Undergrad: 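My questions will all concern the structure given below.
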Amino acid sequence: MKKLLLLIGLVLLVSGSVFAKTTEWKETRTTFTQFLQMKEYKIVEVSYEPSLITYHIRGLKEFIICQVKLNINKAPKSTTCYYENWLN
C-alpha cells in the first residue's frame with residue numbers, strides 16, 4: 001500500500017512539472033518612477049547587492065521587477081524594469 005501511494009505521488013509530481021506553464025519576463029516601457037507614482041503598484045520587497053538594488057513591485061494583474069544599477073559612488077546609474085503577466 002505504501003509503495004502504491006509513493007508511486008501515485010511520483011506520477012503526480014512528474015505530470016505536474018510536465019504540464020506546468022512557463023512564463024517569459026519582458027522589459028517594460030513604463031519607467032520605475034512611473035510605477036512608483038501609480039497607486040495600484042506597491043513595493044513588496046527590496047534586495048541589495050553592492051552595485052544593484054532590485055525592487056519587487058506587485059500590481060493588480062502583474063508582478064514587476066525593477067533593477068537599479070549603481071555606479072562606484074552608489075548613485076543610480078540606470079534602471080530596467082521587467083514584468084511577468086500571470087493571466088496569460
Side-chain angles (χ1 to χ4, degrees):
M1 184 66 173
K2 289 182 181 179
K3 290 181 181 180
L4 179 62
L5 291 175
L6 181 60
L7 180 63
I8 291 171
L10 287 173
V11 168
L12 290 175
L13 180 67
V14 171
S15 66
S17 63
V18 168
F19 296 110
K21 183 178 176 183
T22 59
T23 60
E24 183 177 319
W25 287 87
K26 300 174 185 173
E27 192 171 334
T28 67
R29 294 181 187 205
T30 308
T31 66
F32 180 54
T33 303
Q34 289 171 325
F35 282 120
L36 294 178
Q37 292 174 341
M38 292 185 265
K39 293 179 182 179
E40 59 268 8
Y41 291 94
K42 305 287 184 216
I43 296 175
V44 293
E45 185 179 339
V46 180
S47 55
Y48 301 92
E49 295 179 27
S51 61
L52 182 74
I53 301 173
T54 303
Y55 293 89
H56 302 264
I57 303 170
R58 179 148 314 187
L60 297 175
K61 297 180 182 176
E62 58 193 354
F63 188 75
I64 311 293
I65 293 178
C66 291
Q67 295 181 324
V68 179
K69 293 180 184 174
L70 305 173
N71 64 17
I72 296 172
N73 299 327
K74 304 293 182 196
K77 181 177 175 183
S78 66
T79 303
T80 308
C81 295
Y82 303 93
Y83 73 95
E84 177 186 36
N85 190 331
W86 60 51
L87 293 180
N88 290 335

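Being a predicted model, the structure only gives us computed values, none of them experimental. Note that these values count all heavy atoms, side chains included, but never hydrogens, waters or copies made by symmetry.
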Undergrad: If you compare all heavy atoms of Tyr83 against all heavy atoms of Glu27, which two are closest, and at what distance to 0.1 Å?
TA: CE2-O, 4.0 Å
Undergrad: Are any side-chain N or O atoms of Asn71 and backbone N or O atoms of Asn73, one a donor and one an acceptor, separated by less than 3.5 Å?
TA: yes
Undergrad: Work out which heavy atom in Thr28 is nearest to a heavy atom in Tyr82; give both atom names and the distance.
TA: CG2-C, 3.9 Å
Undergrad: Between atom NZ of Lys77 and atom CG of Leu70, what is the distance when rounded to the nearest 0.5 Å?
TA: 10.0 Å
Undergrad: Just how far is it from atom CD of Gln67 to atom CD1 of Ile53, taken to the nearest 0.5 Å?
TA: 11.5 Å
Undergrad: For the atom pair NZ (Lys69) and OG1 (Thr80), what is the distance rounded to the nearest 0.5 Å?
TA: 5.5 Å
Undergrad: Would you check if the side chain of Lys42 reaches a backbone N or O of Lys39 as a donor-acceptor pair within less than 3.5 Å?
TA: yes
Undergrad: Transitively linked via ILVMFWY side-chain contacts under 4.5 Å: Leu52 with Ile57?
TA: no
Undergrad: If two hydrophobic side chains count as joined below 4.5 Å and joins carry through other members, does Tyr48 share a cluster with Leu36?
TA: yes
Undergrad: Could you point out which residue of Glu62, Gln34, Arg58 forms a side chain to side chain donor-acceptor pair (under 3.5 Å) with Tyr41?
TA: Glu62
Undergrad: Do you know which two heavy atoms are closest between Lys74 and Pro50, and how far apart they sit?
TA: NZ-O, 2.6 Å
Undergrad: Once the angle between the rings of Phe32 and Tyr55 is folded into 0 to 90°, is it parallel (under 30°), tilted (30 to 60°) or perpendicular (over 60°)?
TA: tilted
Undergrad: Between Thr31 and Thr79, does a side-chain contact (heavy atoms from CB on, under 4.5 Å) hold up when you go through it step by step?
TA: CA-CA 8 Å; Thr31 66; Thr79 303; over 6 Å; no
